[in-house]
Number of protein chains: 2
Amino acid sequence: MEHQLTPSYRPLYQQIKEALLTRIVSGDWPPGTFIPSESALSKEYGVSVGTLRKALDALAHENVVIRYQGKGTVVATHDTDRSLFQFFHLVGLNGERSLPISRVLIRQRRAARSEEASVLGLAAGEEVVHIRRVRELDDRPALLEDLVVSAIRFAGLEREPEPLPNTLYQLYQQRFGQSVAQAEERLFAVAAGPQDQRYLSVSPGMPLLEIRRIAKDLQGNPLEYRVSRCETQHHCYLNQL
Amino acid sequence: MEHQLTPSYRPLYQQIKEALLTRIVSGDWPPGTFIPSESALSKEYGVSVGTLRKALDALAHENVVIRYQGKGTVVATHDTDRSLFQFFHLVGLNGERSLPISRVLIRQRRAARSEEASVLGLAAGEEVVHIRRVRELDDRPALLEDLVVSAIRFAGLEREPEPLPNTLYQLYQQRFGQSVAQAEERLFAVAAGPQDQRYLSVSPGMPLLEIRRIAKDLQGNPLEYRVSRCETQHHCYLNQL
DNA sequence: GAGTGGTCTAGACCACATC
DNA sequence: ATGTGGTCTAGACCACTCT
């Protein structure tokens with residue numbers, strides 16, 4: 001009879017899942033801490049262990065939480081191997097993964113460009129922190145990266161002491177309480193420009209892989225906009241379907 | 001005491017899952033058919049419904065099977081939208097998806113090249129069927145595709161009547177009983193060559209996105225090796241993380 | 001031994017599709 | 001009305017970790 005967009009019925013375990021997620025997002029349980037046991041939580045929420053387990057399993061499947069048999073359930077951090085490679089898809093031609101080394105070229109606070117503002121959901125002219133860096137793989141410059149984040153949500157990022165960790169998402173989480181949970185990447189093939197030639201030492205017009213990533217927090221709000229240009233002579237982008 | 005690589009303990013629901021998968025792979029339940037209900041299967045295997053459900057849920061999560069509340073569980077086919085877009089990641093610049101139209105340029109049976117043989121796990125000199133086609137998106141040539149499959153597993157593919165469906169995996173499944181379940185794609189940026197210029201009508205040296213896909217069957221054996229070159233002025237490759 | 005998550009069971013009830 | 005998958009419960013037992 002009524003017009004309702006949300007289904008009239010909402011499974012209990014989903015409600016529990018959202019309640020738990022809220023407590024994680026709010027900082028009640030910071031990343032790296034063990035949350036109460038299944039039985040404790042099931043009593044607290046007045047549901048059966050099975051239902052609570054289903055909620056936790058869903059969160060584990062979304063990489064919000066990691067379960068360890070015999071130990072407990074911990075809020076995910078970005079310093080675990082597993083979590084690291086969720087967002088890093090560049091591998092060697094033989095499929096081997098290695099960790100990049102970063103060198104920061106630019107770090108400044110400035111007004112957002114229109115594309116950046118629309119992607120990040122900022123008002124026109126709002127400020128962002130812009131970081132440009134080169135990332136080396138196997139002692140060879142492989143990636144030229146430009147990224148912007150809201151200067152309000154990441155207040156002081158432009159003054160963070162060097163060196164910045166090369167896994168920036170860890171810094172976002174520890175210093176600013178912002179957890180990157182999901183992302184969408186759009187890939188293009190582009191010709192190398194002057195900046196690319198200089199920092200990636202490629203010849204002019206060389207085809208590069210351009211990766212435009214929008215990183216989002218636990219609730220799906222955009223956190224970071226990142227454009228990476230990558231040379232694909234020695235590496236490639238690997239996607240498992 | 002003993003050295004055993006496989007964990008001594010093997011959950012019941014995993015054994016059930018493998019048993020069901022075997023029956024699907026063997027052609028006992030062809031794609032598109034409804035398999036027996038949960039209660040029927042739980043009786044057949046002598047396990048509780050909950051355990052059987054966990055096995056089916058795992059298969060559903062791997063896109064082997066699709067569950068419909070109130071109707072039943074059906075073996076996945078490649079003619080469903082859901083399954084279609086598992087492997088097709090090209091979208092318009094605004095994120096909208098449209099279905100490509102294909103035109104076959106080459107269809108021949110020939111000896112495998114060394115790279116193809118090693119990727120597909122064939123002996124040197126074994127025969128493959130090679131298909132080259134152009135795929136159009138929104139009335140514009142967007143993709144130049146070369147793919148090879150074993151001429152033994154796909155005996156007669158080179159003589160299949162035109163037109164070939166543009167969703168080839170559907171044909172693989174219906175005519176040859178081969179289901180593509182997973183794939184890995186490696187992405188590169190390359191410069192357009194003579195063939196690309198001709199069929200994609202791009203200028204020489206234009207950067208193109210090259211996608212090298214290895215498609216695998218339900219057991220993980222390579223089925224098809226496909227190299228696609230794509231123009232990224234009007235489309236891009238979208239990946240959700 | 002005590003506590004955690006992982007598996008398995010049996011049964012009740014709900015939402016959905018079909019007849 | 002019947003049958004299907006989806007949710008929820010309560011309880012038993014197993015495997016793992018730590019003390």
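Naming: A, B, ... by sequence-line order, numbering from 1 per chain. On a predicted model such as this, the values are computed, not experimentally measured, just so you know.
- For A/A155 against A/F176, the heavy-atom pair with the smallest separation is O-CE2, 3.4 Å.
- Not one N or O on the side chain of A/R133 forms a donor-acceptor pair closer than 3.5 Å with the backbone of A/L147.
- Atom-to-atom, OH of B/Y68 to C1' of C/dT18 comes out at 16 Å; the value is rounded to the nearest Å.
- The distance between atom CD1 of A/I66 and atom C1' of C/dG6, rounded to the nearest whole Å, is 17 Å.
- In this structure, B/I35 places its CD1 atom 15 Å from C1' of D/dG3, rounding to the nearest Å.
- Distance A/K71 NZ to C/dG6 C1': 16 Å, rounded to the nearest Å.
- With rounding to whole Å, B/L52 atom CG is found 10 Å from C/dT9 atom P.
- Judged by distance alone, with hydrogens and angles left aside, A/R53 brings a side-chain donor or acceptor within reach of the base of C/dG6, the pair sitting under 3.5 Å.
- The side chain of A/T73 sits closest to C/dG5 out of D/dT9, C/dG5, D/dG6.
- Counting to the nearest Å, the C1' atom of D/dT4 and the CG atom of B/L41 are 12 Å from each other.
- When the nucleotides C/dG5, D/dG6, D/dT7 are ranked by their closest atom to the side chain of B/D57, D/dG6 comes out on top.
- Contacts of B/F88 classified as ring pair (Phe, Tyr, Trp, His ring centres under 6.0 Å), with partners at least two apart in sequence or in another chain: none.
- Listed pair A/Y13 / D/dT7 meets the phosphate criterion, a side-chain N or O lying under 4.0 Å from OP1 or OP2.
- Going from atom CZ of A/F34 over to atom C1' of C/dG3 covers 13 Å, rounded to whole Å.
- Here B/S37 does not reach the OP1 or OP2 of D/dG3: none of its side-chain N or O atoms lies under 4.0 Å away.
- No donor-acceptor pair closer than 3.5 Å links the side chain of A/R103 to the backbone N or O of A/E136.
- Regarding contacts with the backbone of C/dT7, a side-chain N or O of B/K54 is found under 4.0 angstrom from either OP1 or OP2.
- Residue A/V47 is classed as a sugar-phosphate contact, given heavy-atom separations below 4.0 Å to backbone atoms only.
- Distances shown here put a side-chain N or O of A/T51 below 4.0 Å from the OP1 or OP2 atom of D/dT9.
- Regarding A/Y45, its OH atom lies at a distance of 15 Å from the P atom of D/dT9, rounded to whole Å.
- For the pair B/R67 and D/dG6, the criterion of a side-chain N or O lying under 4.0 Å from OP1 or OP2 is met.
- Minimum heavy-atom separation, B/F87 to B/A183: CE2-CB, 3.7 Å.
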